[in-house]
Undergrad: 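I'd like to ask you about the structure that follows.
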Amino acid sequence: MSSNVPISQNDITAPTPQNTPLTHAPITAGLSRPTVPDISEDNEPAEESSPIHHAMLGLVQGKLAGLVGKSSGYIESLPEGVKKSVEALKGVQVKQNELQNQYKRECFELEKKYLELQKPLYERRHALISGATEPTTEELEAGSAQSLKDDPEHKPLDASTAAAAIPEFWLTALRNHVGLAELITDRDAAALKHLTDIRIEYLPPSDPKPGFKLQFFFSPNDHFENALLEKTYIYQEEVGYSGDFVYDRAIGTNIKWKEDQDLTKEFEIKKQRNKNTNRTRLVRKARPTESFFNFFSPPVPPNEDAIENGEIEEDELDELEEKLEMDYQIGEDIKEKIIPRAIDYFTGKALEYDMLDEEEDDYEDLDDEDEDEHFEDEDSESEADLPARRRGGPKGRGAGASSAANVNPEECKQQ
């Protein structure tokens, strides 16, 4: 379908976007973080914060908003010979897409290979955390060397002291993660003290779609009967337009709560009066509440047909996509950060790096015009003369924002 914008037959500069979507496709927006990055992704700023992205977004939301998603007529106006070349380029792109899919699949298989190599180390870690075994001399020497590297004033431990189990290891590690700390309530902590291990398993090749499974192992506790809680993340079969795996959906374990111990609900006693007899009674009602264990009841992606038919309000869709993105990001952080570097989260060392990432997210680059105005203001006015609203510090979209909304999964780093 063409717009009414006139195009010269000899004009080969596209005046408007060609078939550009008005909004990001639901679910995939911001969710398709690769577990193994492209080589070009190292040390690159996030796509969402790039100047080009903001420029295009402003253009789309401005003059071109009415034309977005429609043909400008430019491609249709090209000479037949040029159209033929364009069509051939599409065919070449199909081959590129096939190679990209193959590349991501092979990267995923490489992740699985290194997980198998790490499993003996995870078993050893669990044995040390639980106090089931004594550390070896080699382990102690390597750990002491790392401690001295981190802190030159570190004092060696008494070799005669027997090793002991580490209490609340995983609860402490989870609480030292910036995003998860906001999800864990005091009520949750009583149950998470019984968390003995967190593992990851990849879905078998026989499954139609790739994905991974987070496994939370618990010792007997007063809150639920499950010894194992699982959260499965499933990707779509094909990689997305950006060349990364695209989140499809998540599935959580049905928690078998013991009586009156459901941490995802709060109970209140209400008094009710019978209209006929005038007698009163006490009724106990449950209502949802914040809890880490809501993690195992993930939000359900919206139906695409319902979106296309406008059956879901825009605000409702935005809220749902935000929840889906957060759920996916937390899963990726547990997979990419907490499981491979649990000891760093237990000691708090990982917080140094998490906070550095947060500080970088709090600033954005000024364009040249803004910089010129900034320096002109500095030359013409003293700090004391500036209005209070301009002395408050850096300004920008990220200033003072909560890091919980920016929990970006690390690029795949197999340790």
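All figures in this text were calculated on a predicted structure; none of them were measured in a lab.
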Undergrad: Verify the neighbour count for atom NZ of K265: are there more than 12 heavy atoms of other residues, nucleotides or ligands below 6.0 Å?
TA: no
Undergrad: Less than 3.5 Å apart, any donor N or O on the side chain of D150 or Q146 sitting next to an acceptor on the other?
TA: yes
Undergrad: Report yes or no: does R187 contribute a side-chain atom to a donor-acceptor pair with the main-chain N or O of L263 at less than 3.5 Å?
TA: yes
Undergrad: Is the backbone of N97 close enough, under 3.5 Å, to the side chain of N101 for a donor and an acceptor to pair up by distance?
TA: yes
Undergrad: Sub-3.5 Å donor-acceptor pair from the side chain of T253 to the main-chain atoms of I255, do we have one?
TA: no
Undergrad: Cut-off 3.5 Å, side chains only: do E332 and Y328 have a donor facing an acceptor?
TA: yes
Undergrad: Has D260 got a side-chain atom pairing as donor or acceptor with K258's backbone, closer than 3.5 angstrom?
TA: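 The answer is no, because no donor-acceptor pair under 3.5 Å joins these two groups.
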Undergrad: Under a plain distance cut-off of 3.5 Å, with no hydrogens placed, do N294 and E290 share a side-chain donor-acceptor pair?
TA: no
Undergrad: How long is the straight-line distance from CD1 of I334 back to OH of Y345, given to the nearest 0.5 Å?
TA: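 Reported to 0.5 Å precision, the distance equals 10.5 Å.
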Undergrad: With no hydrogens and no angle check, just 3.5 Å: does a side-chain donor-acceptor pair link Q102 and E98?
TA: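 No, because no side-chain N or O of Q102 sits under 3.5 Å from a partner of the opposite role on E98.
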Undergrad: CZ of F293 to CG of L183: how many Å apart, nearest 0.5 Å?
TA: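 Here the rounded value is 11.5 Å.
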Undergrad: Has the side chain of E106 got a donor or acceptor atom that lies under 3.5 Å from a matching backbone atom of Y103?
TA: no
Undergrad: So, taking the atom named CD in Q215 and the one named CD in E201, what distance separates them when rounded to the nearest 0.5 Å?
TA: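 Reported to 0.5 Å precision, the distance equals 5.0 Å.
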Undergrad: My understanding is that only residues two or more places apart in sequence, or in another chain, count here; which of them pass side chain to side chain contact (heavy atoms under 4.5 Å, CB included) with K113?
TA: L110
Undergrad: Looking just at side-chain N and O atoms, do Q100 and Q96 make a donor-acceptor pair shorter than 3.5 Å?
TA: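 The criterion, which ignores hydrogens and geometry beyond distance, is not satisfied for Q96 and Q100.
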Undergrad: Would R124 and T133 count as having a side-chain donor-acceptor pair, cut-off 3.5 Å?
TA: yes
Undergrad: Can E87 and K84 be counted as an ion pair, charged N to O under 4.0 angstrom?
TA: no
Undergrad: Side chains of D188 and T185: is there a donor and an acceptor less than 3.5 Å apart?
TA: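 Present: a donor and an acceptor within the cut-off.
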Undergrad: Let me see the working for F217 and W170 under ring pair (Phe, Tyr, Trp, His ring centres under 6.0 Å), right down to the final yes or no.
TA: CA-CA 10 Å; F217 296 86; W170 287 103; over 10 Å; no
Undergrad: Do NZ/NE/NH1/NH2 and the carboxylate oxygens of D186 and K193 come within less than 4.0 Å?
TA: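 Not counted as a salt bridge, because no side-chain N and carboxylate O are separated by less than 4.0 Å.
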Undergrad: Is the NZ or CZ atom of K335 positioned over F212's six-membered ring, under 6.0 angstrom from the centre and within 45° of the axis?
TA: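 So K335 does make the cation-pi contact.
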Undergrad: Please confirm whether the backbone N or O of K256 pairs with a side-chain atom of N226, one donor and one acceptor, at under 3.5 Å?
TA: yes
